[in-house]
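In what follows, a single structure is set out as structure tokens and then discussed.
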Amino acid sequence: MRVAHQRGFFFKSAESYPNSPAGFWDYGPLGVSMKNKFIELWRRELVKRDGMIEIDGSQILPKAVFVASGHLESFSDPIVRCRKCGSFFRPDKLLEEKTKTQIPEKLSNKEYDDMLEKYDIRCENCGEKLRGTTRFNMMFRVGIGAAEEEAYLRPETCQTIFVDFPLLFKTQRVKLPVGIAQVGKSFRNEIAPRQGLLRLREITQAEIEVFFNPKRTEGGKFELFIGSKLPLYKEKEVVIGFSEARDMGLVSNKLVWYYLKMIFDFYVKAGIPEKDIRFRVLSDEDRAFYSREAFDLEVKLSIGWTELVACNYRGDYDLTRHSSVSGTDFSVDDQGEKLIPHVFELSMGVDRSIYAIIEKSMREEKGRKYLAVKPYLAPYHVGVFPLVNKDGIDLKALELSSLLSNCLDTFYDDSGSIGRRYARADEVGVPYCVTVDYDTFKDETVTIRDRDTRVQQRVKIEELSRKLEEMTRYPDIASLSMQNK
RNA sequence: GCGGCCGUGGUCUAGUGGUCAUGACAGGGGCUUCCCAAGCCUCUAAUCCCGGGUUCGAAUCCCGGCGGCCGCACCA
């Protein structure tokens, strides 16, 4: 996206060096501002609204954690390298081509070698026999300390939450069900990163892991949204309520429905039109190895429906595994019952979301371009301009600008013509522009111009700050008890 | 990783073997300016993706790498 690059939302990392690898991106000043506001909205609409707790965990974790999580074994692709010319191949793909049958991805290296031998598979480049299957793991390996002890950059943020769960449960006076949230970086050594922010090797995730007793997925807040409808997609799209979805076997319980509705509402408030959001119900083959029921929240972008959030019912898989590998007891007490809680997760791709919001907000009419992002997500809330740079108007505008920056993200611009400044502000999504003119000295008023309508209103300077704050603040956190519709 | 196309200032682009490598937009400084990219003056900015080769001479031809887009595969 041209504007994003030119105006400083985001750009390729280390661009000034040639041969920088793909899949790493930097956020520029505008991008950081928007990303922070987006995460704050997430905090308000999900974490605070549902009474979750938040942590910020380490990005490097010891090998044992990934033995337990299954990533060391399952988060990898089989790969075979030609001993003569060095080309890489996927043995499963080569075998499928040769035999015209489905080859499971989960065979051992030895089994692949046997099959390569049996079907006499040869290198497509030089004809050499292919042997010696190894694994290409998508995790980045790091060596800790002088001994280079084996550890990995986490491929998903949630493992930190699982590992910390027993301590948090004991010390934070929480009861089931409880959500634990985290925003942070994850790392995946993708083979072919592409499409800008949509496919990265270093990604920002905002994750929520809800821990609950599988026998208690109804009652209380989980009843709140059963009357509302959600767009579910499996082969075709249906917009249906909970009971119908359960009858069709699409959603298993009310707790899942409750959180799907919550994340749906969040994206609407982030500025994605309802009609462009849907939940893809994943089939058995499409789910990750840890997942027993899965929904992808997808948004319709110019490149097609794109996954922004993975919602997985992980069962007790993670806690049970960590419990047995670590030797620590991960079970907790729920109303007198001792159990390993089940987990439902909402794993959000922040970078993808930012991209989606920007794309969905681009407007173009009569040669005018503007970014119609929600005022509370805009990189700057307000721009302050002097109508002309003389007669003290510029000084007055500068003074107002610094006044407003107490509580709003503000910038001052006095270059070029006033129209040019409006246009520049429009392009990066500044929702309101304040202009100081000659009338300001007569009656202590200024104009506020609206980005989307270009309409101006005159406002007293003494009311300016309060008024702008009102216009740019986050929506109120909806009270759950009030939402019973 | 495979196949196809591609790589020139921040952006878009001219240039297909030969003097200081085009032009536009964007950006900076100044003048002007009583509200929507106006005008005038001026400045900045590209080791032509990187490395090697062919040649008296390469942005241009050849090889390799890196990167980008599109399909396949993989995924948040």
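Everything numeric in this text was worked out from a predicted model, so none of it was measured. Because only heavy atoms are used, hydrogens play no part in the values below, and waters and symmetry mates are left out as well, while side chains stay in. We name chains A, B, ... by the order of the sequence lines, and we start the count at 1 in each one.
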Given RNA chain B, 5'-ward residue of the pair A:Ala22 and A:Met348, judged by closest heavy atom:
A:Ala22
Is it the case that more than 12 heavy atoms not belonging to A:Glu470 sit under 6.0 Å from its CD atom?
yes
N/O donor-acceptor pair, side chain A:Arg352 with base B:rC75, under 3.5 angstrom:
yes
Tell me: NZ of A:Lys12 to C1' of B:rC50, nearest whole Å?
13 Å
Which part of the nucleic acid, if any, lies within contact of A:Arg449, taking any heavy atom under 4.0 Å across all strands shown: a base, the sugar-phosphate backbone alone, or nothing?
base
A:Asp296 CG to B:rC75 C1': how many Å, rounded?
9 Å
Using a distance-only test with no angle check, is there a side-chain donor-acceptor pair under 3.5 angstrom linking A:Asp351 and A:Ser353?
no
Within the 4.0 Å heavy-atom criterion, would you say A:Ile393 contacts the bases, only the backbone, or no part of the nucleic acid?
nothing
How many angstroms lie between atom OG of A:Ser401 and atom CZ of A:Phe411, to the nearest 0.5 angstrom?
9.0 Å
In whole angstroms, the gap separating P of B:rC69 from CG of A:Leu198 amounts to 10 Å
Quote, to the nearest angstrom, the C1' distance that separates B:rA14 from B:rA24.
11 Å
Provide the distance between the two P atoms, one in B:rG17 and one in B:rA73, to the nearest whole Å.
42 Å
Quick one: is the NZ or CZ of A:Arg278 closer than 6.0 Å to the six-membered ring centre of A:Tyr233, and within 45° of its axis?
yes
Output row for RNA chain B, stems defined as at least 3 consecutive Watson-Crick or G-U pairs under 3.5 Å, is B:1-7 with B:66-72, B:10-12 with B:23-25, B:27-31 with B:39-43, B:49-53 with B:61-65
Near-ring test A:Phe212/A:Phe344, centroid separation under 6.0 angstrom:
no
Which parts of nucleotides 24-32 of chain B does protein reach within less than 4.0 Å, heavy atoms only, written one letter per nucleotide 5' to 3' as B for base, S for sugar-phosphate only and - for none?
--SS-----
Between A:Asp439 and A:Ile203, name the one whose nearest nucleotide on RNA chain B is closer to the 5' end.
A:Asp439
When the P atoms of B:rC75 and B:rG65 are considered, how many whole Å apart are they?
27 Å
Which whole number of Å gives the distance between the P atom of B:rA45 and that of B:rG28?
16 Å
Enclosure of A:Lys269 NZ (heavy-atom neighbours >12, cutoff 6.0 Å)
yes
Are A:Tyr438 and B:rC34 stacked, counting the six-membered base ring, centres under 5.5 Å, planes under 30°?
yes
Base, sugar-phosphate or nothing for A:Gln456? Non-hydrogen atoms, less than 4.0 Å.
base
Nearest whole angstrom, please: distance from the C1' of B:rU33 to the CD1 of A:Ile418.
11 Å
Ignoring hydrogens and angles, answer whether the base of B:rC35 and the side-chain atoms of A:Asp437 contain a donor-acceptor pair closer than 3.5 Å.
yes
Are the side chain of A:Arg49 and the backbone of A:Arg44 linked by a donor-acceptor contact shorter than 3.5 Å?
no
Closest to the side chain of A:Val388, out of B:rC70, B:rC34, B:rC36, is B:rC34
Nearest of B:rC70, B:rC35, B:rC75 to any side-chain atom of A:Ile303?
B:rC70
Spacing of A:Phe11 atom CZ relative to B:rC49 atom P, expressed in whole Å:
22 Å
Would you indicate what A:Thr447 reaches in the nucleic acid, counting non-hydrogen atoms under 4.0 angstrom: base, sugar-phosphate, or nothing?
base
Rounding to an integer number of Å, can you tell me how far A:Arg201 CZ sits from B:rC66 P?
11 Å
At under 4.0 Å between heavy atoms, what does A:Glu190 touch on the DNA or RNA strands: base, sugar-phosphate, or nothing?
base
Out of the candidates A:Lys369, A:Arg363, A:Arg368, only one should pair with A:Asp426 under the salt bridge (charged side-chain N to carboxylate O under 4.0 Å, His left out) rule; please name it.
A:Arg368
What integer number of Å spans the P atoms of B:rC48 and B:rA58?
12 Å
To the side chain of A:Ser417, which of B:rG67, B:rA37, B:rC75 is closest?
B:rA37
Rounded to whole angstroms, how far apart are CD1 on A:Ile448 and C1' on B:rC36?
17 Å
May I have all residue pairs that pass ring-ring contact (aromatic ring centres under 6.0 Å, His included) and include part of residues 420-449 of chain A, sequence neighbours excluded?
A:Phe385-A:Tyr422
Is a salt bridge present between A:Asp318 and A:Arg321, judged by a nitrogen-to-oxygen distance below 4.0 Å?
no
Could you work out the separation of B:rC20 and B:rC35 based on their P atoms and round it to a whole Å?
50 Å
How far does the C1' atom of B:rC49 sit from the matching atom of B:rC6, given to the nearest Å?
12 Å
Inter-nucleotide C1' distance (B:rC50, B:rU8), Å rounded:
15 Å
Salt bridge present between A:Lys460 and A:Glu444 (N-O < 4.0 angstrom):
no
Please report the distance, rounded to the nearest Å, between CG in A:Leu387 and C1' in B:rA38.
14 Å
Would you say the rings of A:Phe295 and A:Phe264 are close, in the sense that their centroids are separated by under 6.0 Å?
no
